[in-house]
There are 2 protein chains.
Amino acid sequence: MTPRTRTRRRTEALSRERIVEEAVELLDADGEGGLTFRALSERLATGPGAIYWHVTNKDELLAAATDALVTVALTVGPPAAGESPEDRIRAVALGLYDAIDHHPWLGAQLSAQISRSPSGTVTPRIFESLGQPIRALGVPESSWFTATSALMYYVLGAARQNAANARTFGPDVDRARFLDAASSDWEALDPDEYPFTRAVADQLRDHDDREQFLAGVALILAGVGQARRA
Amino acid sequence: MTPRTRTRRRTEALSRERIVEEAVELLDADGEGGLTFRALSERLATGPGAIYWHVTNKDELLAAATDALVTVALTVGPPAAGESPEDRIRAVALGLYDAIDHHPWLGAQLSAQISRSPSGTVTPRIFESLGQPIRALGVPESSWFTATSALMYYVLGAARQNAANARTFGPDVDRARFLDAASSDWEALDPDEYPFTRAVADQLRDHDDREQFLAGVALILAGVGQARRA
DNA sequence: ACCTGAACACCGTTCAAGT
DNA sequence: ACCTGAACACCGTTCAAGT
């Protein structure tokens, strides 16, 4: 991987920012396993030990990379003038979806940060971004937490699964072939045991991932809307 | 970990079943990182190389362990007499939730298997278990795939996040303290930036995980119900 | 056919030593 | 203050050699 000779002369001194930046590139290129202190130090034209002066350990490095990307992902601008709460939720959800889609390792890291430090820098930002429009929807206060949690779990879970799926085949082209093969396998399942799966086999073949993701968001929003009228 | 001297004399020969069984114990005790061919071979009173005669590699071993647990998790019995589709979905969802709760490493493995082999042994079983009751709900056929996918992604995503959360504190006791601290942190957030998160801080403190999970399922079911009437 | 255990090519992390 | 790079204690996996 990364065939280009990239021993970029070290003009500037090592810095936390440079390290994080290079770590993200490594992660994007080769996934979680691709981030190695040896590979990283080579890119930075230094020794593995040097990194430890700027960063406590690998976990902290991953947390820093995650933090940087969440900031970008949630920068969907302030609520626009004519923007409905539903629009807002879709925009935030898609911001996270796309970030995880482009950086597949990010899903696992977000999940880890949410459980490890629910009051850290990442969790409240995501929660707030989804929660404000949920509140604006006019849901009774008693279900704010429930609705926002469910939405956040769906968004992150679905995005993560989608990114993992996308990684199974190449960047783009083989997707159609992969889905076609899977769809055919579904059609060949035992009719007695798998009637439903067989019946939706061609919906698997033809579906669009992003659309599917948004349809899930819409389902939850419809459910939330029901709670509002109750 | 595992302090008890457990060099259980090897009475029976090594077998794939014994290996998988012992692997699950290791995974449950110490998580994904706890499964090591060296630790495993010690428990089995053999050398690390021996395992490779029965199992291709670590991935295959994890897949086998996952398969075994999914079989158990989905054994919620055949649709009972007076059971509504909603009841059925809740039962299947809880079966998966509990399995992942008891075996936190299972979430990641399920996700991996779903993307790696959508037509393998695991994905269709889960999909069918959730899809049949979705169909029974009377949803138009065109939205079967969408609804079932969204439900599956929510169930697995939320269960996985929950299991990760639960692992942050001890088996049971410290949960209250942990949530209390997190809730207090939320209350101390900047009122201008985090009004929503602050407002739900005590809902975080008092919530029940399983209940919350089911509330999310209910939200999706309500959304699906809307589609039915449309 | 089944198992052994040393060996290989990796990891993250530490730390004395340098500048 | 910041960096170097050898060393430590691990990994998964392979493979000649044994029974």
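Just so it is clear, the model here is predicted, and its values are computed rather than measured. Side-chain atoms are counted along with the backbone in the values below, which use heavy atoms only and exclude waters and symmetry mates. Note on naming: letters A, B, ... go to the chains in the order of the sequence lines (proteins, then strands), and numbering restarts at 1 for each one.
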### Message
Applying the Watson-Crick and G-U wobble criteria at under 3.5 Å, what pairs with dG18(C)? Answer none if nothing qualifies.
### Response
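Matched dG18(C) with dC2(D) under the 3.5 Å cut-off.
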### dG12(D) pairs with, by Watson-Crick or G-U criteria that keep both distances under 3.5 Å
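Matched dG12(D) with dC8(C) under the 3.5 Å cut-off.
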### Task
Using the closest heavy atom to pick a nucleotide of DNA chain D for each, name whichever of Gly49(B) or Gly33(B) lands nearer the 5' end.
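The residue mapped nearer the 5' terminus is Gly33(B).
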### Message
If you assign each of Gly47(A) and Arg38(A) to its closest nucleotide in DNA chain D, which residue comes earlier from the 5' end?
### Response
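Result: Gly47(A).
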[X] side chain: which of [options] is closest?
{"X": "Phe37(A)", "options": "dC11(D), dC3(C), dG12(C)", "value": "dG12(C)"}
{"X": "Leu14(B)", "options": "dC3(C), dT13(C), dG12(D)", "value": "dC3(C)"}
{"X": "Thr36(A)", "options": "dG12(D), dC3(C), dG12(C)", "value": "dG12(C)"}
{"X": "Trp53(A)", "options": "dG12(C), dC3(D), dC2(C)", "value": "dC3(D)"}

### Task
Using a heavy-atom cut-off of under 4.0 Å over every strand shown, decide if Leu35(B) touches base, sugar-phosphate, or nothing.
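Sugar-phosphate: the residue Leu35(B), judged by heavy atoms under 4.0 Å, touches backbone atoms but no base.
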### Query
OP1 or OP2 of dA1(D) less than 4.0 angstrom from a side-chain nitrogen or oxygen of His54(A), does that happen here?
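Checking dA1(D) against His54(A), no side-chain N or O comes under 4.0 Å of OP1 or OP2.
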### Query
Could Asp101(A) and Arg210(A) be called an ion pair, given the rule that one side-chain N must be under 4.0 Å from one carboxylate O?
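The answer is no: the pair does not qualify as a salt bridge.
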### Query
Would you call Glu60(A)-Arg16(A) a salt bridge at under 4.0 Å N-O?
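Yes.
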Could you state the [atom1]-[atom2] distance from [X] to [N], rounded to the nearest angstrom?
{"X": "Ile51(B)", "N": "dT13(D)", "atom1": "CD1", "atom2": "C1'", "result": "11 Å"}
{"X": "Glu32(A)", "N": "dC10(C)", "atom1": "CD", "atom2": "P", "result": "20 Å"}
{"X": "Asn57(B)", "N": "dA9(C)", "atom1": "CG", "atom2": "P", "result": "20 Å"}
{"X": "Leu44(B)", "N": "dC2(C)", "atom1": "CG", "atom2": "C1'", "result": "14 Å"}

### Message
Can you tell me how the ring of Phe196(B) sits relative to the ring of Trp144(A), calling it parallel under 30°, perpendicular over 60° and tilted otherwise?
### Response
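Because their plane-to-plane angle lies in the 30° to 60° range, the rings of Phe196(B) and Trp144(A) count as tilted.
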### Query
Using 30° and 60° as the class limits, which term best fits the ring planes of Phe145(A) and His207(B): parallel, tilted or perpendicular?
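Tilted: the ring planes of Phe145(A) and His207(B) meet at 30° to 60°.
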